[in-house]
Amino acid sequence: MRIYRQLWIVLAVVAMSACQTARKASQPIEFTILQYNDVYEIAPLEGGKSGGLARVATVKKELLRENPNTIAVLAGDFLSPSVLANLKMANGERISGLQMVETLNAAGLDYATFGNHEFDLKDPGVLQNRINQSKFKYITCNAMRRAGDQIKPFQQQIDGQLRDVPKYVVHEFSNAAGAKVRVGLTGVVLPFNKQDYVSYAPVTASIKEVLGVLQSQADVNVAITHLAIDEDKQLAADVPGFALFIGGHDHTHMKYQVGGTAITKADANVKTVYIHRFTYYPKTKKTVLNSTLKTIDDKIADDPATKAVADKWQRDAFKIMEEQGYQPQRQIMVAKTKLECTEEKVRSRQTNMGALTLQGFETVNPGADVYLLNSGSMRLDDDILGTLTEYDILRTFPFGGAISTMQLPGEALGRVLQAGLVTNVGEGGYMQVRHVEQRDGKWWIKGEMLKNEKTYTVVLPDFVATGKEANLGFLKDFAASQKPNFTVNAATVRNDIRDIAIYYMEQLGTY
Ligand SMILES: [Zn+2]
């Protein structure tokens with residue numbers, strides 16, 4: 001009898017603790033995702049006021065103190081474009097995004113998906129090196145590596161072992177009571193950059209397939225989407241089941257709700273970040289999401305370790321620029337109007353940044369009938385507002401290059417305009433133009449209809465004049481002349497797009 005009573009007590013204690021465990025296990029689990037997207041700059045912009053990955057590192061640390069269940073996620077576009085990317089290191093290799101990888105490693109990034117700009121790197125071997133040098137993990141469900149006829153996953157070296165970049169990961173968080181939530185993370189990128197070594201599976205079908213798998217493996221699903229916002233909205237409508245799309249590609253902050261899916265994008269170059277605080281209720285399997293946009297500015301202290309890495313790269317890069325005769329930190333203009341330089345804009349329509357540069361061409365080299373600038377020479381893929389430094393011009397035109405003067409028959413100029421303003425829309429060969437209009441299907445130059453038999457003076461980048469731009473190869477058959485320098489108001493301006501833009505914008509002072 002006594003034994004039975006003892007047993008009963010033991011059973012009761014076991015049952016009580018099991019009950020407590022069950023109650024604890026049903027307590028909500030909180031976790032936080034720090035989001036940033038489209039980052040090309042390791043250091044702050046606008047004269048040090050805005051952005052900076054060392055400040056983002058501080059934010060990550062603060063969030064970790066608030067809740068150890070915190071991860072940082074980057075929604076693509078970081079290995080390029082950057083003026084630093086084109087500079088050569090002491091070993092002769094181009095930097096090609098290493099400055100970003102090392103700074104992001106220091107800043108505590110956990111996961112990233114590919115953006116289209118990761119595939120700007122022409123050499124897949126260099127991309128492979130950058131992936132291997134990353135301490136954060138890559139995820140993509142639709143970008144694959146193509147080698148000959150074979151299409152395989154990209155790979156990443158982790159702990160000395162080469163592993164396939166996964167289509168998804170399940171990241172587990174637990175609360176103090178030991179209750180767990182499984183967060184499914186996948187990534188997707190738009191098929192924008194067509195390098196031979198990349199193959200893109202369709203976005204919707206790929207993400208649908210992954211969600212099908214995640215439904216049994218995860219409690220909360222999050223997709224890191226490097227897509228244009230309209231595609232994000234369509235995808236959220238077509239494939240319901242994600243709590244959040246951590247978006248990229250668009251460079252200004254936005255937030256939408258499509259059914260049960262929140263879609264968020266922060267500003268490019270970590271001018272802002274998104275902080276997503278999730279609460280998961282195991283009992284009801286419900287998720288509550290609270291997303292806030294945080295401005296990254298000089299009120300946030302730098303994380304010293306991250307700042308040391310960023311400073312080292314920035315110092316090296318500025319030294320190379322100074323050797324080329326530039327003063328990267330010198331202020332040249334204040335932009336009161338946003339200077340439009342995103343790839344989407346400069347490759348599809350005339351923008352004020354294109355217009356200002358072409359006015360610069362005309363200021364140093366007046367008297368021509370037409371001025372042209374291929375949009376592919378503008379690689380900033382961002383807008384600029386506020387303080388404009390020489391560095392901003394250098395990062396806008398990372399390739400630089402001289403401008404040339406050509407005498408073109410009207411017939412040839414007509415072909416240039418047809419290719420540059422019609423055929424090449426959406427490509428780097430789309431032209432920013434000065435003194436050109438299209439009316440009733442005809443080209444007009446300085447207010448007069450283009451005449452096939454007339455000869456026109458055209459000023460354009462040497463890159464285009466020598467036939468290197470898409471659909472404009474025929475220009476190499478026409479003579480082009482080039483001066484090493486221009487003299488304007490007793491000033492000598494080196495014949496380079498960057499020097500011309502710097503000179504002209506400094507004369508303007510404000511815009
Ligand atoms: Zn992009």
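Just so you know, ligand 1 is whichever comes first in the structure, and atom 1 is the first atom listed for that ligand. Computed over heavy atoms, backbone and side chain alike; hydrogens, waters and symmetry mates excluded.
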Colleague: Any idea how many protein N, O or S atoms are nearer than 2.8 Å to the Zn ion (ligand 1)?
Modeller: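 That number is 4, waters not included.
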Colleague: Please identify each residue that fulfils ring pair (Phe, Tyr, Trp, His ring centres under 6.0 Å) with Y430, with sequence neighbours left out.
Modeller: none
Colleague: Between Y197 and Q128, do the side chains contain an N or O donor and an N or O acceptor separated by less than 3.5 Å?
Modeller: no
Colleague: Would you check if E390 and M321 make a side-chain contact, meaning some heavy-atom pair closer than 4.5 Å?
Modeller: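 E390 does not reach M321 side chain to side chain.
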Colleague: Who pairs with F154 by ring pair (Phe, Tyr, Trp, His ring centres under 6.0 Å), at least two apart in sequence or on another chain?
Modeller: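 F114, F119.
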Colleague: Using 30° and 60° as the class boundaries, would you call the ring planes of F278 and H276 parallel, tilted or perpendicular?
Modeller: tilted
Colleague: Would you be so kind as to tabulate the donor-acceptor pairs closer than 3.5 Å made by side chains of residues 239-253, with sequence neighbours excluded?
Modeller:
unit_1	atom_1	unit_2	atom_2	d
H249	ND1	N116	OD1	3.1
H249	ND1	H226	NE2	3.2
D250	OD2	I229	N	2.8
D250	OD2	K265	NZ	2.8
H251	ND1	D381	O	2.7
H251	NE2	D38	OD2	3.3
H251	NE2	Y40	OH	3.3
H251	NE2	H249	O	3.4
H253	ND1	D267	OD2	2.8

